[in-house]
Amino acid sequence: MDFSFSEAQGELAGLTRSIMADLTDSRLRAAESGDDRFDAELWDALAKAGILSVTDFGLLEHCSVLIELGRAVAPVPYLASIVAASALAQFGSLETPDAIHTAALSDDEVFASPTADGWILSGAKSCVPAGAIASLILVPASAPDGMKVFVVKPSEVSITRQRIVDNDSEALLEFADVPVDSSRVLGGAEVLDWLLTRMTVGLCALQLGVTERALELTAEHARTRVQFERPIGSFQAVAQRLADAYVDVEAIRLTLWQAAWRVSEGLPAETEVASAKFWAADAGHRIAHTAVHVHGGMGIDTDHPLHRYFVAAKRNEFTLGGATAQLRKIGAALASTPV
C-alpha cells in the first residue's frame with residue numbers, strides 16, 4: 001500500500017484542526033445539554049470551509065477529517081452524513097450537499113412490498129445516527145427480489161430519539177406502510193455493501209482520533225502528576241500501560257489506513273476492513289480503560305475532558321461490534337483466499 005498522504009489530506013486535516021480550536025469546553029457542554037449533542041455553529045463552519053464536499057474529496061480525505069473530529073470529540077454527525085451524501089452522489093443525485101444526511105444500517109429489518117407504481121415499507125430501524133436531525137435517510141429494505149436501498153424523508157416515518165452512551169442521540173425509525181415511488185430506489189445490495197464498508201472505515205478513523213488524543217492527555221498527566229515525590233509516569237507499571245496503549249494506537253492507525261487505501265483504490269478489502277474494525281474496537285477498549293485508570297478519579301470526573309474520550313471510545317467500540325464475531329469474519333476471509 002501507499003503510506004504517503006496527499007496534499008489534500010494534509011490541508012484538510014490542518015484546516016479541520018484549526019476549526020476545532022474554537023470548540024471550547026463551554027460549547028461542548030452546551031451541545032451535550034441539547035437533545036442531539038449537535039453544534040450547529042460548528043457544522044456551518046465545516047460547510048463554509050468546504051470540508052463537507054463529497055465531490056472534491058474521497059474516502060482518504062474524509063478519514064483525515066474524521067481523525068481530527070475524533071481528536072476534538074466534535075459534536076457533529078460528519079461520518080453518517082458524509083457517507084450517506086457520498087452514496088447519493090455516487091449512485092443517484094445529491095441536491096443539498098451541506099444538509100445532514102444519514103443511513104439506517106442496523107440489523108433491524110425493514111420490508112419492501114411492491115405496488116403498481118412503487119413500494120410500501122414496513123418495519124423498524126434502531127440506532128440511526130443523526131436520525132432526528134437528518135434531511136434525508138437511506139434505508140436498506142428486504143424486497144422479494146433482493147435487498148434495496150431507499151431514499152426516505154423524515155416526515156414519512158415515526159422518529160423516536162434514543163439516548164446512547166456518550167450522551168448523543170440516535171433514533172428509532174418506525175415504518176407504518178410508508179409508500180415510496182420507484183424513483184427513490186438508490187440501488188441494491190451493492191449500495192448497501194458500499195455504505196457498510198465506508199461507515200466501518202470511517203468509524204475506525206474516528207476511533208483513531210479519539211484514542212490518539214486520549215493517550216496524549218494521559219501521557220501529559222503521567223508527566224505532571226507527582227506521587228511519592230516522583231511523576232507517576234516514572235513508575236514501571238504506569239509506563240508499561242502507556243507503552244501498550246501507544247502500540248494499540250499505532251495498530252489502529254496502520255490497519256485503518258491499509259483498509260482505507262485498498263477501498264479507495266477499488267481493491268479487494270474485506271480482510272483489511274475486518275482487521276481495522278477489530279483493532280479499532282478491541283484496542284480502543286484497552287486504550288480508553290488505560291486512560292481512565294492512569295488518571296484515577298479524574299478520569300471519570302465530568303469536569304475533566306477525559307471523560308468525553310472514554311465514552312466516545314466506548315460508543316465506537318459498541319458500534320463496531322465484538323471481537324469474536326470479527327475474528328470469525330477475518331478467519332473466513334483468510335480461508336477463502338488462495339495461497
Side-chain angles (χ1 to χ4, degrees), residues 23-43 66 69-84 99-110 123-140 152-176 195-196 199-200 202-204 206-207 209-211 213-214 280-281 284-285 287-289 291-292 299-322:
L23 191 59
T24 61
D25 182 73
S26 61
R27 279 182 61 180
L28 284 167
R29 289 182 183 276
E32 289 161 357
S33 66
D35 291 333
D36 297 290
R37 196 179 181 270
F38 175 60
D39 188 325
E41 181 182 347
L42 178 58
W43 186 260
L66 282 162
L69 295 178
R71 286 178 58 87
V73 286
V76 288
Y78 176 87
L79 173 58
S81 189
I82 207 72
V83 169
I100 296 172
H101 304 79
T102 192
L105 301 178
S106 67
D107 289 337
D108 311 277
E109 282 205 88
V110 171
K125 283 284 186 180
S126 62
C127 300
V128 180
I133 57 176
S135 61
L136 284 177
I137 306 167
L138 304 186
V139 180
V152 177
K153 302 172 185 176
S155 59
E156 297 173 319
V157 299
S158 171
I159 299 176
T160 305
R161 284 181 171 85
Q162 297 175 299
R163 185 66 64 182
I164 56 175
V165 65
D166 63 350
N167 208 37
D168 201 348
S169 77
E170 294 182 345
L172 170 66
L173 308 184
E174 296 177 280
F175 298 80
L195 287 166
L196 288 169
M199 188 69 77
T200 300
L203 271 169
C204 296
L206 203 60
Q207 185 77 315
V210 169
T211 54
R213 183 58 183 151
H285 170 91
I287 296 162
H289 283 265
V292 167
I300 56 173
D301 187 344
T302 56
D303 288 331
H304 193 281
L306 185 73
H307 80 278
R308 292 190 181 97
Y309 292 89
F310 180 80
V311 294
K314 298 306 289 184
R315 176 188 181 177
N316 294 335
E317 175 194 345
F318 296 152
T319 304
L320 286 163

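In what follows, every heavy atom counts, from backbone to side chain, and hydrogens, waters and symmetry copies are set aside.
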Heavy-atom donor-acceptor pair, Ser81 side chain to Thr102 backbone, under 3.5 Å:
no
Note, Glu174 side chain near Val157 side chain (heavy atom, < 4.5 Å):
no
Between Leu196 and Leu105, is any pair of side-chain heavy atoms under 4.5 Å apart?
yes
Quick one: are Asp35 and Ser169 in side-chain contact, heavy atoms under 4.5 Å?
no
Could you give the distance from CZ (Arg71) to OG1 (Thr211), rounded to the nearest 0.5 Å?
10.0 Å
Is Lys314 salt-bridged to Glu317, cutoff N-O under 4.0 Å?
yes
What is the distance from atom CG of Asp168 to atom CD of Glu32, rounded to the nearest 0.5 Å?
9.5 Å
Taking Ala124's backbone N and O only, do any of them form a donor-acceptor pair with Asp108's side chain (distance below 3.5 Å, no angle check)?
no
Closest contact, heavy atoms only, Pro75 versus Leu42:
CD-CD2, 4.0 Å
Please round to the nearest 0.5 Å and tell me the distance separating atom NZ of Lys125 and atom CD1 of Ile159.
15.0 Å
If you compare all heavy atoms of Ala281 against all heavy atoms of Gly321, which two are closest, and at what distance to 0.1 Å?
CB-O, 3.6 Å
Check whether more than 12 heavy atoms from other residues, nucleotides or ligands sit under 6.0 Å from atom CG of Asp25, and answer yes or no.
yes
Is the backbone of Gln162 close enough, under 3.5 Å, to the side chain of Glu170 for a donor and an acceptor to pair up by distance?
no
Spatial distance of atom CD1 (Ile82) from atom CD1 (Ile100) [nearest 0.5 Å]
11.5 Å
Just verifying a value: how many Å separate Gln207 CD and Leu320 CG, rounded to the nearest 0.5 Å?
6.5 Å
Tightest non-hydrogen contact, residues Tyr309 and Gly70, listed as CE2-O, 3.9 Å
Run Phe318 and Ile164 through side-chain contact (heavy atoms from CB on, under 4.5 Å) and show every step you take.
CA-CA 10 Å; Phe318 296 152; Ile164 56 175; over 6 Å; no
Check Asp39 against Ala31 and note the closest heavy-atom contact, atom names and distance.
N-CB, 4.4 Å
Within this structure, what is the NE2-CZ distance for the pair His285 and Phe310, rounded to the nearest 0.5 Å?
8.0 Å
In the structure I gave you, are the side-chain heavy atoms of Ser126 and Ser106 within less than 4.5 Å of one another anywhere?
yes
Looking at Thr319 and Arg315, would you say the former's side chain and the latter's main chain have a donor-acceptor pair under 3.5 Å?
yes
Heavy-atom closest pair, residues Val110 and Pro140:
CB-O, 3.9 Å
Shortest non-hydrogen separation from Ala84 to Ala103 and the atoms involved:
CB-N, 4.3 Å
Which residue is it: Leu69, Asn316, Leu66? I am looking for the one with a side-chain contact (heavy atoms from CB on, under 4.5 Å) to Leu79.
Leu66
Walk me through whether Arg37 and Val73 qualify under side-chain contact (heavy atoms from CB on, under 4.5 Å).
CA-CA 11 Å; Arg37 196 179 181 270; Val73 286; 4.1 Å; yes
